[in-house]
Amino acid sequence: MAGFQLKTGQWWCDAVALETLANEYGTPLYVYSRARLEENYHLLQTAFKALKPHIHFSVKSNANGAILRVLRELGSGFDVVSAGEAYRALRAGADAGSLVFAGVGKTESELIFALDNHLGWINVESVQELELLNRLANERSVKPQVALRINPQIEADTHHHMATGGHRSKFGIDVDDARSVLLQASQYLNLDIAGLHVHIGSQLANTGETVAALQRVLELAALHPIRNLDIGGGFPVPYRPDDELPEPAVFAEAVQQVLTAQAQRSFEIAIEPGRTLIADAGALLATVQYTKVREGRRVIVCDASMTELLRPALYDAYHHIVPVKDSQPSALPADIVGPVCETGDTLGVDRELAEVVRGDRLLIMSTGAYGMSMASNYNSRPRPAEVLVEDRFQRLIRRRETWDDLVRLEE
Ligand code: LLP
C-alpha cells in the first residue's frame with residue numbers, strides 16, 4: 001500500500017521521510033501521496049467496474065490544482081459546486097464536458113459562467129433555478145444538459161451537518177416538484193433535461209439510505225427519458241484504526257442490485273467521490289510548541305490548529321495522531337490542541353500518545369479531504385504550504401502564505 005507508513009521507527013510518505021519534509025518546508029504542512037491517490041482511484045474504478053460510471057472528483061474535498069491535474073490524468077471528471085471550483089478544474093486542464101455543476105444557490109453569474117463555458121451537466125436544485133436557467137439559455141441560444149437534483153427526503157446515517165437528503169435539507173428538488181417538471185419537461189424549450197442527481201450525505205455509515213434514496217429517484221426516471229443518473233459521493237473512510245465501514249464495492253453492489261431490480265437501464269451512471277479518493281492520501285504535519293499538565297493529563301500545544309484542520313472543532317471529528325518519530329511503545333493520556341484563541345481549537349482529545357517534547361513532530365492522519373479546502377486565516381494565521389510526494393521526490397504545490405498575503409487585498 002502506498003502512502004503513509006511507519007518504517008524503522010519513523011513515519012514516511014512513500015519514500016520520503018516526513019521529518020525531512022518538516023525540516024525543509026516547516027510546519028504546519030499538508031503532505032499528499034500521489035501514489036496513494038492513484039491507488040485509491042484504481043480501487044474505486046475496480047469497485048464500481050460493473051456500473052462503468054463516469055467518475056467526477058468532488059473538488060470541495062481538495063481544490064489544489066496539482067491534485068486536480070493528477071486526477072485529470074487518471075481520467076477523472078469533476079463535481080463542482082461553485083464557479084470558483086469550476087474555474088479551478090478548468091485551469092487544471094479539465095475538459096468542460098467532464099464537469100457536473102451542483103449547488104443549491106447558484107447565482108445568475110455562475111449560471112452564465114456554466115453556459116458560456118459549456119460545462120457538462122448543470123444539476124439544478126430548485127424549480128426557480130430551472131426557470132432562470134431556461135431564460136438565460138434562451139438569451140444565449142444554447143441548450144445545456146440539465147439534471148434535476150432530487151431531495152429524496154431520506155435522513156442519511158452520518159453527522160447531522162453532513163446529511164443532505166432529509167426532509168428539512170436545503171438541497172435538491174422535492175419528489176413532487178420533480179415529478180411535475182419531468183411530466184412537463186418539454187415546456188423548458190432551452191433545457192435538455194436528461195439527468196437525475198441524488199447525494200444524501202457524506203461519510204455514510206451504511207448503504208441502506210442510499211438504496212432507499214435510489215429507489216425513490218428511479219421512480220422518477222420512469223416518467224421521462226434520462227441519459228445519466230448521478231448518485232453522488234459520500235463513501236466513508238476509516239478515520240479510526242478500528243473503524244469498520246462499508247467499502248466502496250459494498251455501495252456499488254447495493255446500487256447494482258437496485259438498478260437490476262427496478263430499472264430497464266438505458267442511462268449511464270455517474271459518481272462524485274471526494275473523501276474516498278483523497279482523505280488518506282493526505283496528512284498534516286505539526287510541531288509541538290509547549291506541553292502542560294492539567295488534572296493529570298498532558299496538554300500538548302502544537303502549531304497546527306482549527307485554521308488548518310476545522311473538522312475536529314466543527315464535527316468533533318476524529319483524526320489519528322502519532323509522533324513522526326514513533327519509537328516509544330509507551331503512551332500517556334494527552335489532549336492535542338492548537339494555538340488559536342478558541343477553547344474548541346482541539347485536534348485530538350482523550351488520546352494516548354507517546355511522550356513528546358517541544359520540537360517533536362506530529363502526524364495528523366487522513367486529512368487530505370476537507371483539510372486544506374476548509375482552512376482559514378482566523379487569528380490572522382497564514383494558511384500552510386502543501387507538498388506532493390511522488391515516490392522519492394517531492395514538490396511544493398502551494399507555498400506557505402505570508403503576512404503580506406493576509407493583507408494583499410486590503411487598502
Ligand atoms: N457530491 C456532492 C453533491 C456533495 O455535496 C459532496 C460532499 C460530494 C459529492 C462528496 O462527498 P464525499 O465523497 O467527499 O463524502 N466538510 C465535511 C464534508 C462535507 C461534504 C459535502 N458534500 C467533512 O469535513 O467531512
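Computed from a predicted structure; not experimentally measured. Heavy-atom basis, side chains included; hydrogens, waters and symmetry copies ignored.
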Is a donor on one side and an acceptor on the other found under 3.5 Å between the side chain of [X] and the backbone of [Y]?
{"X": "Glu125", "Y": "Gly105", "value": "no"}
{"X": "His224", "Y": "Ile193", "value": "yes"}
{"X": "Ser76", "Y": "Arg72", "value": "no"}
{"X": "Asn62", "Y": "Ala369", "value": "no"}
{"X": "Thr27", "Y": "Leu29", "value": "no"}
{"X": "Asn151", "Y": "Gln153", "value": "yes"}
{"X": "Gln256", "Y": "Glu253", "value": "no"}
{"X": "Asp335", "Y": "Asp350", "value": "yes"}
{"X": "Arg392", "Y": "Asp14", "value": "no"}
{"X": "Arg400", "Y": "Pro28", "value": "yes"}

Among His56, His197, His54, side chain to side chain donor-acceptor pair (under 3.5 Å) partner for Glu272: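 The residue from His56, His197, His54 that satisfies side chain to side chain donor-acceptor pair (under 3.5 Å) with Glu272 turns out to be His197.
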Testing the basics here: between [X] and [Y], what is the closest heavy-atom pair and its distance to 0.1 Å?
{"X": "Leu353", "Y": "Pro323", "result": "CD1-CD, 3.8 Å"}
{"X": "Gly233", "Y": "Leu204", "result": "O-CD1, 4.2 Å"}
{"X": "Trp121", "Y": "Ala147", "result": "CE3-N, 3.8 Å"}
{"X": "Leu130", "Y": "Val124", "result": "N-CG1, 3.6 Å"}
{"X": "Ser186", "Y": "Leu189", "result": "O-CD2, 3.3 Å"}

How about [X] and [Y]: do any of their side-chain heavy atoms sit closer than 4.5 Å?
{"X": "Leu388", "Y": "Ile67", "result": "yes"}
{"X": "Asp192", "Y": "Val146", "result": "no"}
{"X": "Ser61", "Y": "Arg275", "result": "no"}
{"X": "Phe251", "Y": "Thr207", "result": "yes"}
{"X": "Cys13", "Y": "Gln394", "result": "no"}
{"X": "Val175", "Y": "Arg216", "result": "yes"}
{"X": "Leu259", "Y": "Leu229", "result": "yes"}
{"X": "Cys302", "Y": "Ile336", "result": "yes"}

[atom1]/[X]: more than 12 non-hydrogen atoms of other groups inside 6.0 Å:
{"X": "Gln187", "atom1": "CD", "value": "yes"}
{"X": "Glu247", "atom1": "CD", "value": "no"}
{"X": "Arg297", "atom1": "CZ", "value": "yes"}
{"X": "Glu352", "atom1": "CD", "value": "yes"}
{"X": "Lys7", "atom1": "NZ", "value": "yes"}
{"X": "Tyr378", "atom1": "OH", "value": "yes"}

Going through the distances and angles, do Arg227 and Gln145 end up as a side-chain hydrogen bond (donor to acceptor under 3.5 Å, both in side chains)? CA-CA 10 Å; Arg227 298 193 299 275; Gln145 285 190 134; 2.8 Å; yes
[X] bridged to [Y] by N-O distance under 4.0 Å:
{"X": "Arg36", "Y": "Glu39", "value": "yes"}
{"X": "Asp360", "Y": "Lys325", "value": "no"}
{"X": "Glu73", "Y": "Arg69", "value": "no"}
{"X": "Glu131", "Y": "Arg135", "value": "no"}
{"X": "Glu19", "Y": "Arg361", "value": "yes"}
{"X": "Glu390", "Y": "Arg395", "value": "yes"}

Do we see a donor-acceptor contact under 3.5 Å between the side chains of [X] and [Y]?
{"X": "Asp405", "Y": "Thr402", "value": "yes"}
{"X": "Glu219", "Y": "Gln215", "value": "no"}
{"X": "Arg383", "Y": "Tyr30", "value": "no"}
{"X": "Ser305", "Y": "Glu308", "value": "yes"}
{"X": "Thr307", "Y": "Ser376", "value": "no"}
{"X": "Asn377", "Y": "Glu401", "value": "yes"}

Rounded distance (nearest 0.5 Å) linking atom [atom1] of [X] with atom [atom2] of [Y]:
{"X": "Leu196", "Y": "Leu218", "atom1": "CG", "atom2": "CG", "answer": "8.5 Å"}
{"X": "Leu44", "Y": "Ile55", "atom1": "CG", "atom2": "CD1", "answer": "5.0 Å"}
{"X": "Leu18", "Y": "Leu362", "atom1": "CG", "atom2": "CG", "answer": "12.0 Å"}
{"X": "Ser366", "Y": "Leu309", "atom1": "OG", "atom2": "CG", "answer": "10.5 Å"}
{"X": "Ile278", "Y": "Ser373", "atom1": "CD1", "atom2": "OG", "answer": "10.0 Å"}
{"X": "Phe235", "Y": "Thr210", "atom1": "CZ", "atom2": "OG1", "answer": "7.5 Å"}

Are the aromatic ring centres of His320 and Tyr239 under 6.0 angstrom apart?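 Judged by ring-centre distance (under 6.0 Å), His320 and Tyr239 do not meet the cut-off.
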Show your reasoning for whether side chain to side chain contact (heavy atoms under 4.5 Å, CB included) applies to Val59 and Asp79. CA-CA 6 Å; Val59 174; Asp79 151 47; over 6 Å; no
On the six-membered ring of Tyr318, is Arg311 placed so that its NZ or CZ lies under 6.0 angstrom from the centre and within 45° of the ring axis?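 No - Arg311 does not lie over the ring of Tyr318 by the 6.0 Å and 45° rule.
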May I ask you to check if Lys106 and Phe101 form a cation-pi contact, with NZ or CZ under 6.0 angstrom from the six-membered ring centre and within 45° of the axis?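 Satisfied, under 6.0 Å and within 45°.
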Going through the checks in order, is the side-chain hydrogen bond (donor to acceptor under 3.5 Å, both in side chains) test met by Asn64 and Glu386? CA-CA 9 Å; Asn64 186 289; Glu386 295 175 283; 2.9 Å; yes
Given Glu108 and Leu132, is the side chain to side chain contact (heavy atoms under 4.5 Å, CB included) satisfied, shown in steps? CA-CA 8 Å; Glu108 180 164 331; Leu132 171 60; 3.9 Å; yes
Go through Val255 and Leu214 one step at a time and tell me if the side chain to side chain contact (heavy atoms under 4.5 Å, CB included) criterion holds. CA-CA 8 Å; Val255 169; Leu214 196 50; 3.7 Å; yes
Per the side chain to side chain contact (heavy atoms under 4.5 Å, CB included) rule, which among Ile321, Val31, Leu285 passes with Leu363?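 Passing option: Leu285.
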